[in-house]
Structure formats: structure tokens, C-alpha cells
S.K.: 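Below you will find the structure I want to go over with you.
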Amino acid sequence: MDKKKTILITLLALIGFALTIELTLIFFKVNFNDTFSASFCSVNNLIDCDGVAKTNYSLFLGVPLSLWGMFFYLLTLFLNYVHIIQNKFKNTIFDVFKNPKSYIATLGLISFSISMCLATISIFKINKICVLCFITYFIDLFIAICAKSKGSFFVEDIKNTIFDFIEGVKKYTVLFVVVLFAFIGFVSYTSVSLVFSPQQKVQKSFDEFIKMDKNKYAVSGNVMGNPNGDKIYVYSDFMCPFCRVTNIMVSKFAHEEKRVLIIHENYPLDTECNKYIPHTVHPGACTLARYALAAKKQNKYWDMANLIFDEHPTSEAEILRLSEKINIDIAKLVEDVGSTEVQNELLAQIDSAYKRGIFGTPTIVIDDIPYTSAMPYYRIKTLYSQALKRHKRAQR
């Protein structure tokens with residue numbers, strides 16, 4: 001009977017291991033490959049393995065659930081055949097595994113209980129079902145049933161597991177502490193770095209700036225960063241919400257990285273001044289850009305730019321009222337905003353964007369390479385680091 005149990009548990013664990021390998025491949029495909037093709041188990045809006053893998057619920061402590069499953073099945077196989085190792089290596093650490101079938105039963109029961117929680121989340125929270133996941137849930141149950149002792153419902157197995165675990169920890173305390181700290185270190189790293197969850201990492205990066213009411217890295221005057229530094233161009237529209245987020249990001253970047261000069265160029269998505277777009281997206285954006293450029297004539301460009309981004313003025317009267325906060329000469333501002341010089345500078349910036357092949361905002365130009373659309377802060381740092389490395393290689 002024990003031999004049959006061993007064979008059945010082995011088969012179940014191997015099937016579960018194979019399924020978790022496939023689930024791991026699906027997880028990495030949908031989270032790290034922007035051009036992935038749908039998996040065979042993504043049939044519709046309800047039965048959708050890919051959709052489940054994209055959610056934050058597909059991870060625990062920053063690690064994909066499929067990897068936890070792989071570990072469980074490998075541990076099950078180890079415990080299932082630990083008696084062979086014990087016979088070969090007597091009087092060693094392997095002797096602590098006195099009731100391996102009880103441990104398998106207990107771990108299988110725990111795994112199935114967690115699986116039922118995941119199934120509930122999948123059905124009622126995500127509203128999607130991963131068929132492969134559900135198969136592993138019942139494999140966990142079958143493993144637990146196959147391994148459990150006769151008689152009471154898992155009670156004896158749970159008692160054996162707890163008592164043997166305590167005895168093992170007492171006997172190998174130092175080793176247990178080392179393993180425990182290694183485990184804590186690993187899950188701390190995965191939870192903080194979000195190395196297995198790029199979408200969460202991106203969202204977390206954006207949240208820092210989206211939740212910021214005011215740009216705490218804002219500068220005064222016409223210059224942001226090192227006047228002799230590497231030029232990073234930022235093309236934006238004052239009415240674009242992601243442009244505001246990008247503005248705070250580059251402000252922080254200039255604050256941290258002392259080798260860069262941030263140059264802000266206006267590209268309003270407003271046909272009133274921009275002839276390169278088919279229709280107006282942000283009516284009034286041209287006016288806001290002109291006010292920022294007019295403030296530049298009083299060495300208040302970034303003062304005005306940050307004021308507009310933070311306060312979201314919707315009329316010229318509101319702009320003028322808010323402008324009192326930056327101690328600017330209002331009469332001169334009104335005079336300059338309607339000047340030919342300011343108008344020509346705005347058109348020149350729009351033409352510059354067109355020549356670079358820019359048609360949307362926000363766009364950041366690093367080392368003459370434009371990157372359109374909002375990007376996480378760490379991405380800006382990475383792109384700049386890559387540009388520095390390219391220049392170093394070119395100088396060799």
C-alpha cells in the first residue's frame with residue numbers, strides 16, 4: 001500500500017510540477033513580453049490564464065505563485081523519497097524527517113486551503129479563471145489525501161509535522177536560523193524590488209509622482225540643472241496630465257543627477273498654434289505655453305511652468321491671478337504674452353519637435369533619441385546611464 005501511495009504521489013507531483021512550469025512561462029510571457037501571443041488556456045474573458053497572470057494576485061511576497069507551486073511539488077518529491085536518502089546517509093540531518101508522509105499530507109492540505117482562497121479571489125475579485133491553476137488546486141488536495149494517515153482527518157499528520165518540526169529546530173537551531181534569515185532576505189528583496197512584477201514596479205514608480213500635489217523638486221528661474229551639463233529635452237503640453245508627472249520626474253532627476261541640463265520645449269496639442277496635429281486635443285494649451293515663454297523674459301520660466309502644472313488654470317484671468325504667487329511683473333507678462341517674439345519662439349519649438357519626429361506628449365529626448373509617452377522614473381535613469389555608456393565606448 002505504501003508503495004502504491006509513493007507512486008501515486010510521485011505522479012501527481014510530477015503533473016503538478018509540469019503545470020507550474022507552464023504557468024511560470026505564461027507569467028513571464030505576459031509580464032515581460034509586450035508582444036506576446038495569447039496562451040492556449042486563454043479562451044475568453046472568463047477563462048483567461050493570461051489575464052490572471054497579469055494581476056497582482058499572481059504573486060505572493062513578490063514571487064509568482066507558480067514558483068511557490070514548483071517548490072511545493074519538488075519538496076513533495078523529496079519527502080516522498082527521503083527514506084532512500086536516509087538509508088544511504090545514516091546519522092545525518094536527513095534523520096529529522098521521521099514522518100515524511102505526514103509532512104506531505106499537512107503541506108498538501110495547507111496548499112489546498114490557500115488554493116481555495118485563490119480560487120475565491122479569481123472568481124469573485126478578478127472575474128477570471130485560470131484552468132491550469134484550478135487543476136493544480138485539486139492535485140494538491142489529491143496529494144494530501146493520498147499521503148494522510150489512516151483514521152482521524154489529518155489530525156495525526158498535523159501533530160506529527162508540528163512536533164517533528166519543533167524537534168528538528170531544537171536539534172539544528174543554527175542551520176534553521178541561517179535558512180530563515182536567507183528566506184526573509186530573499187522575500188524582502190522580491191517584495192521591495194518587485195523584480196518579478198514589472199507592472200507593479202511601474203505603477204509604484206508613477207504613484208510617487210501622481211500623488212504629489214506640488215512639485216517639491218521645482219526650481220526657480222530659466223535653468224534647471226547644470227548649465228554645462230548633458231542636455232535632456234522634454235516636449236510637453238501644459239494640459240497633459242502625464243506631462244505634469246514627467247515634469248516632476250525630470251525635476252527630481254536634475255536634483256539628483258548633477259550632470260544634466262533639462263530643456264523644456266512646448267508642443268501644445270492645440271491646432272491654434274500647432275499645425276502638425278489633425279485636431280485639437282487640449283484647447284487653450286497654446287495660451288498656457290505662451291504665458292510660460294512670456295515669463296521666461298523675466299527669468300521666471302520654471303516658476304510659471306510649475307505653477308501651471310500644479311494649479312491647472314483654465315483661463316487667462318486665472319493665470320494672471322495665480323501669477324502673483326511667483327512675484328512677476330503682471331503688466332510686462334501681459335505685454336510679452338502677445339508679442340511676436342514669444343509667438344515665434346513657440347512656433348520654433350513646435351517645428352523642432354516635428355523635425356525630431358515627435359507628434360505626442362510627453363516626449364523625452366536623451367542623446368538625440370526621442371522616447372514618447374510617460375515612462376517610470378527608473379526608466380529615465382536607465383536611459384541616461386545607457387547614453388553615458390555609449391559615449392564612453394565611442395571614446396575608446
Side-chain angles (χ1 to χ4, degrees), residues 31-36 194-195 198-199 201-206 208-210 215 217 219 222-270 273-278 281-282 285 289 292-293 301-302 305-306 309 345-396:
N31 285 286
F32 290 88
N33 185 358
D34 294 332
T35 58
F36 73 91
L194 299 173
V195 64
Q199 294 182 4
K201 188 176 181 180
V202 168
Q203 188 58 52
K204 186 177 179 181
S205 177
F206 276 122
E208 174 189 349
F209 304 96
I210 291 172
N215 183 359
Y217 306 103
V219 298
N222 290 345
V223 179
M224 181 191 291
N226 184 345
N228 300 313
D230 300 323
K231 294 179 180 178
I232 294 179
Y233 292 86
V234 181
Y235 289 84
S236 61
D237 175 319
F238 281 112
M239 298 183 77
C240 160
F242 278 108
C243 291
R244 176 185 180 274
V245 172
T246 300
N247 177 60
I248 301 175
M249 287 183 181
V250 295
S251 298
K252 180 179 181 179
F253 188 55
H255 177 75
E256 293 181 345
E257 177 54 69
K258 306 302 182 184
R259 293 177 292 178
V260 300
L261 171 65
I262 306 298
I263 300 175
H264 185 260
E265 300 275 284
N266 290 279
Y267 191 75
L269 301 181
D270 181 358
C273 63
N274 190 341
K275 64 182 178 181
Y276 299 113
I277 57 174
V281 179
H282 296 138
L293 292 171
Y301 183 80
W302 283 110
N306 286 303
F309 273 130
E345 185 174 1
L346 175 56
L347 295 177
Q349 291 184 359
I350 294 171
D351 289 338
S352 168
Y354 177 77
K355 289 174 183 177
R356 289 183 185 270
I358 296 169
F359 296 96
T361 59
T363 295
I364 298 178
V365 180
I366 300 175
D367 197 23
D368 286 330
I369 303 173
Y371 302 92
T372 300
S373 79
M375 64 177 76
Y377 182 66
Y378 64 83
R379 177 68 174 154
I380 297 173
K381 295 174 70 175
T382 300
L383 291 173
Y384 179 66
S385 296
Q386 290 172 348
L388 290 179
K389 289 177 183 177
R390 285 196 298 270
H391 282 279
K392 285 182 180 178
R393 287 196 298 266
Q395 291 170 1
R396 290 175 184 171

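This chain uses plain numbering: 1 for the first residue, then up along the sequence.
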S.K.: Taking all atoms of both residues into account, what is the closest heavy-atom pair of Lys204 and Leu194, and its distance?
M.R.: CD-CD1, 3.9 Å
S.K.: Using a 4.5 Å cut-off on heavy atoms from C-beta on, say whether the side chain of Leu346 contacts that of Pro268.
M.R.: yes
S.K.: Verify whether one side chain among Ser251 and Asn215 offers a donor that lies under 3.5 Å from an acceptor in the other.
M.R.: yes
S.K.: Taking the six-membered ring for Trp, are Phe253 and Tyr384 ring centroids under 6.0 Å apart?
M.R.: yes
S.K.: Run Glu208 and Lys252 through salt bridge (charged side-chain N to carboxylate O under 4.0 Å, His left out) and show every step you take.
M.R.: CA-CA 11 Å; Glu208 174 189 349; Lys252 180 179 181 179; 2.8 Å; yes
S.K.: Spell out, as yes or no, whether a donor-acceptor pair under 3.5 Å connects the side chain of Asn306 to the backbone of Trp302.
M.R.: yes
S.K.: Let me see the working for Ile364 and Val250 under side chain to side chain contact (heavy atoms under 4.5 Å, CB included), right down to the final yes or no.
M.R.: CA-CA 9 Å; Ile364 298 178; Val250 295; 4.2 Å; yes
S.K.: Step through the shown structure and confirm whether more than 12 heavy atoms of other residues, nucleotides or ligands are within 6.0 Å of NZ on Lys258.
M.R.: yes
S.K.: Atom CZ in Arg393, atom CG in Leu388: separation rounded to 0.5 Å?
M.R.: 11.0 Å
S.K.: Within a strict 4.5 Å, meaning less than it, do heavy atoms of the Phe242 and Thr361 side chains meet?
M.R.: no
S.K.: Could you tell me the separation between the CG atom of Leu269 and the SG atom of Cys243, rounded to the nearest 0.5 Å?
M.R.: 7.5 Å
S.K.: Kindly indicate whether the side chain of Gln349, heavy atoms from C-beta on, has any atom under 4.5 Å from the side chain of Leu293.
M.R.: yes
S.K.: For a side chain to side chain contact (heavy atoms under 4.5 Å, CB included) check, start with the C-alpha distance between Leu347 and Glu345, then their side-chain angles and the critical distance, and finish with the verdict.
M.R.: CA-CA 5 Å; Leu347 295 177; Glu345 185 174 1; over 6 Å; no
S.K.: Using the rule given for side chain to side chain contact (heavy atoms under 4.5 Å, CB included), can you reason through Asn228 versus Leu261, listing the C-alpha separation, both sets of side-chain angles and the distance that settles it, and then say yes or no?
M.R.: CA-CA 7 Å; Asn228 300 313; Leu261 171 65; over 6 Å; no
S.K.: Taking all non-hydrogen atoms of both residues, which atom of Ile350 and which atom of Cys273 are closest, and how far apart?
M.R.: CD1-O, 3.5 Å
S.K.: For residues 367-377, please give each side-chain donor-acceptor pair under 3.5 Å, one per line with the distance, not counting sequence neighbours.
M.R.:
from   : atom 1 : to     : atom 2 : distance (Å)
Asp367 : OD1    : His391 : NE2    : 2.9
Asp367 : OD2    : Arg390 : NE     : 3.3
Asp367 : OD2    : Arg390 : NH2    : 3.1
Thr372 : OG1    : Thr363 : OG1    : 2.8
Tyr377 : OH     : Glu256 : OE1    : 2.6

S.K.: Check whether any side-chain heavy atom of Tyr235 sits under 4.5 Å from a side-chain heavy atom of Val365, and report yes or no.
M.R.: yes
S.K.: Heavy atoms, side chains only, cut-off 4.5 Å: are Asn31 and Gln199 in contact?
M.R.: yes
S.K.: So which atom in Ile380 and which in Ile366 form the shortest heavy-atom distance, rounded to 0.1 Å?
M.R.: O-CD1, 4.2 Å
S.K.: Hey, does Asn247 have a side-chain heavy atom less than 4.5 Å from the side chain of Val234?
M.R.: no
S.K.: State, with a plain yes or no, whether a side-chain heavy atom of Tyr217 is found less than 4.5 Å away from one of Met249.
M.R.: no
S.K.: Is the closest side-chain heavy-atom distance between Tyr378 and Val202 below 4.5 Å?
M.R.: yes
S.K.: Identify the two heavy atoms, one from Glu265 and one from Ser352, that lie closest to each other, and give their separation to 0.1 Å.
M.R.: OE1-OG, 4.0 Å
S.K.: Would you call the rings of Tyr354 and Tyr276 parallel, tilted or perpendicular, where under 30° means parallel and over 60° means perpendicular?
M.R.: parallel
S.K.: Do the side chain of Arg244 and the main chain of Phe309 share a donor and acceptor less than 3.5 angstrom apart?
M.R.: yes
S.K.: Answer yes if the side chains of Asp270 and His282 hold a donor-acceptor pair under 3.5 Å, and no otherwise.
M.R.: no
S.K.: Using 30° and 60° as the class boundaries, would you call the ring planes of His264 and Tyr301 parallel, tilted or perpendicular?
M.R.: tilted
